[in-house]
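Quantities reported herein were computed from a predicted structural model and do not represent experimental measurements.
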Amino acid sequence: MVQEHEPGTPGEDTEPTATRRTADEAESSRASRGWWDRNADEYQEEHGAFLGDDRFIWGPEGLDEAEAGLLGPVEALKGRDVLEVGAGAAQCARWLASQGARPVALDLSHRQLRHARRIDAAAAGAAASGGSGASGAAGVAGLRASGGGDAAGVALVQADATALPFRDGSFDLACSAYGAVPFVAEPVRVMREVRRVLRPGGRWVFSVTHPIRWAFPDEPGPEGLSISASYFDRTPYVEQDESGRAVYVEHHRTLGDRVRDVVAGGFRLVDLVEPEWPAWNHQEWGGWSPLRGNLIPGTAIFVCERD
């Protein structure tokens, strides 16, 4: 998700410089891991209340999977093996578990997964109700988080979304709320990996910043309503340190590019959701705000299925 970035990095006296330049897969992955490890604490402190500990929110608009049902009917989640890609503190996976699903939460950032363990440990301490038995998808039994005892936490896996550490056909569903996809240089690799680990007929739903936002300044006020760049400029947004090393990378794809990535990854696109800004949501989140959200879309959600 596009964030307000932490100025500099630990041990540095200068802020990173924002630019548009190429960044390959290795550089993008390295930057993402470092940025999220450094900024996970601030991110969870600032946005944790809105995200909740066990809610499934698709983006800053606040679209909730409990009402949207993009993964399918809520009652059909029970017993399903679900992979959350770019899970952060595993809020979405925790909601899936509460519906009877068997989720696995995967993230590149160790610090984000530490927050997932923290939330699970706090929940276990507040309501010591016993664990929920066997978990996870085939081939991931040994990857269950061990936040202390037999806590009822979700299974946590630290890995890159372009190289998922699971056997073929391990999951019924896969999802990602602003995780991984915007930060990789080769999103088709993610699509193909997700398809590989899904069973036939499996659904893959992911949300990203709506591509049209890249043509506007990332500002929540009126200044964010005037076009300032070409929508068709696919040059990545990079923040780099004094030596030119990338410390944050985000990749732009047009709407058509995203659709082609889905198809190239072996999926059928069955829906494209552009959530409208709801009247109840008065918060600003980086460049997302009621002002902009009522005029231009901020999130695109791709609902895909594997044949």
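A pairwise comparison of heavy atoms in A300 and P211 identifies CB-CD, 4.3 Å as the closest pair. Scanning all heavy atoms of the two residues, the minimum distance from D107 to G86 falls at OD2-C, 3.2 Å. The two atoms that bring V238 and A246 nearest to each other are CG1-CB, 3.8 Å, heavy atoms only. Residues R203 and V270 come closest through the heavy atom pair NH2-CG2, 4.0 Å. Among all heavy-atom pairs drawn from L198 and W204, the shortest one is CD1-CB, 4.1 Å. Nearest heavy-atom pair across L225 and F216 is O-CE2, 3.4 Å.
H252 and T235 form no side-chain donor-acceptor contact under 3.5 Å, judged by distance and modelled atom types alone. Using modelled atom types, one finds no donor on one side chain facing an acceptor on the other under 3.5 Å when comparing S32 with Y248. With 3.5 Å as the limit, one finds a donor-acceptor pair spanning the side chains of E65 and W58. Side-chain contact annotation: D160 with S29, donor-acceptor N/O pair under 3.5 Å present. With no hydrogens or angles considered, no side-chain donor-acceptor pair links T17 and Q240 at under 3.5 Å. Counted by atom type alone, H210 and R213 present zero donor-acceptor pairs between their side chains at under 3.5 Å.
With rounding to the nearest 0.5 angstrom, the CD atom of E42 is 6.0 Å from the CD atom of E46. For the atom pair CH2 of W95 and CG of D64, the computed distance is 7.0 Å after rounding to the nearest 0.5 Å. Within the model, atoms CD of E274 and CG of L63 stand 12.5 Å from one another, a figure rounded to the nearest 0.5 Å. Rounding to the nearest 0.5 Å places CZ of R258 at 11.5 Å from SG of C304. To the nearest 0.5 Å, the span separating CD on E305 from CG on D307 amounts to 8.0 Å. Summarising the geometry, atom CG belonging to D120 is positioned 6.5 Å from atom CG belonging to L156; distances are rounded to the nearest 0.5 Å.
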**Request:** Start with the C-alpha gap between W288 and E61, add the side-chain angles, then the distance that decides, and say whether side chain to side chain contact (heavy atoms under 4.5 Å, CB included) holds.
**Result:** CA-CA 8 Å; W288 285 265; E61 296 84 2; 4.0 Å; yes
**Request:** Take D41 and R111, measure what salt bridge (Lys or Arg N to Asp or Glu O under 4.0 Å) needs, and give me the verdict at the end.
**Result:** CA-CA 8 Å; D41 294 357; R111 190 63 184 173; 2.8 Å; yes
**Message:** Run the side chain to side chain contact (heavy atoms under 4.5 Å, CB included) test on I212 and L255 for me, step by step, so that the C-alpha distance in whole Å, both residues' side-chain angles and the decisive distance to 0.1 Å come before the verdict.
**Reply:** CA-CA 8 Å; I212 194 62; L255 200 60; over 6 Å; no
**Request:** Decide yes or no on side chain to side chain contact (heavy atoms under 4.5 Å, CB included) for S109 and W35, but give the supporting numbers first.
**Result:** CA-CA 9 Å; S109 166; W35 194 90; over 6 Å; no
**Message:** Go through it in stages, so that I can follow the logic: the residues are V82 and F171, the test is side chain to side chain contact (heavy atoms under 4.5 Å, CB included), and I'd like the CA-CA distance, side-chain angles, deciding distance and then a yes or no.
**Reply:** CA-CA 6 Å; V82 188; F171 298 94; 5.6 Å; no
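The shortest side-chain heavy-atom distance between W214 and Y237 falls under the 4.5 Å cut-off. You'll find the side chain of L51 stays beyond 4.5 Å of the side chain of R55, heavy atoms only. Residues F302 and V208 form a side-chain contact, since some pair of their non-hydrogen atoms from C-beta on lies under 4.5 Å apart. The closest side-chain heavy-atom distance from D168 to V197 is not below 4.5 Å. Using a 4.5 Å heavy-atom threshold, the side chains of F206 and L70 count as separate. Inter-residue side-chain proximity for W277 and L291 is flagged as unmet; no heavy-atom pair is nearer than 4.5 Å. Residues F166 and V104 form a side-chain contact, since some pair of their non-hydrogen atoms from C-beta on lies under 4.5 Å apart. With a 4.5 Å cut-off on side-chain heavy atoms, T299 and P275 count as touching.
The 12-atom threshold is not exceeded at CD of E45, counting heavy atoms of other residues, nucleotides or ligands nearer than 6.0 Å. Within a 6.0 Å radius of CD in E276, other residues, nucleotides and ligands contribute 12 heavy atoms or fewer. Atom CZ of R114 is surrounded by 12 or fewer heavy atoms from other residues, nucleotides or ligands within 6.0 Å.
Look at E27 and R21 and you find a salt bridge, because one of the NZ, NE, NH1 or NH2 atoms lies within 4.0 Å of a carboxylate O, short of that distance. No salt bridge links D53 with R94; every basic N to acidic carboxylate O contact stays at or beyond 4.0 Å.
The same ILVMFWY cluster, assembled from side-chain heavy atoms under 4.5 Å apart, contains both V181 and V259. Transitive grouping of hydrophobic side chains (ILVMFWY, heavy atoms separated by less than 4.5 Å) brings L269 and F267 into a common cluster. Residues V190 and L272 fall within the same hydrophobic cluster, defined by Ile, Leu, Val, Met, Phe, Trp and Tyr side chains chained together at heavy-atom separations under 4.5 Å. Hydrophobic clustering of Ile, Leu, Val, Met, Phe, Trp and Tyr side chains at less than 4.5 Å, counting indirect connections, keeps I119 apart from L113.
With Q44 as reference, Q112 is the one residue of Q112, H115, R118 to meet the side-chain hydrogen bond (donor to acceptor under 3.5 Å, both in side chains) rule. Paired with L173 under the rule side-chain contact (heavy atoms from CB on, under 4.5 Å), one option of L83, V205, D81, L77 passes, and it is L77.
Checked by atom type and distance alone, the side chain of S28 never pairs as donor or acceptor with a backbone atom of V184 at under 3.5 Å. In this structure, the side chain of R80 does not engage the main chain of A101 through any donor-acceptor pair within 3.5 Å. Distance alone, capped at 3.5 Å, is enough to place a donor-acceptor pair between the E84 side chain and the A93 backbone. Of the possible donor and acceptor atoms, one in the side chain of R234 sits under 3.5 Å from a partner among the backbone N and O of F232. A donor-acceptor distance shorter than 3.5 angstrom exists from the side chain of S176 to the backbone of V85, with no hydrogens or angles considered. Listed for the R292 side chain is no donor-acceptor partner under 3.5 Å among the backbone atoms of P220. Using a distance-only test at 3.5 Å, with no hydrogens or angles considered, a donor-acceptor pair links the side chain of Q158 to the main chain of L108. Under a 3.5 Å cut-off, the side chain of R189 and the backbone N or O of G265 do not form any donor-acceptor pair. Checking side-chain atoms of D37 against main-chain N and O of H110 turns up a donor-acceptor pair under 3.5 Å. Checked by atom type and distance alone, the side chain of N281 pairs as donor or acceptor with a backbone atom of Q283 at under 3.5 Å.
Taking the six-membered ring where the residue is Trp, the centroids of F50 and W285 are separated by under 6.0 Å. Aromatic ring centres of W36 and Y43: separated by under 6.0 Å.
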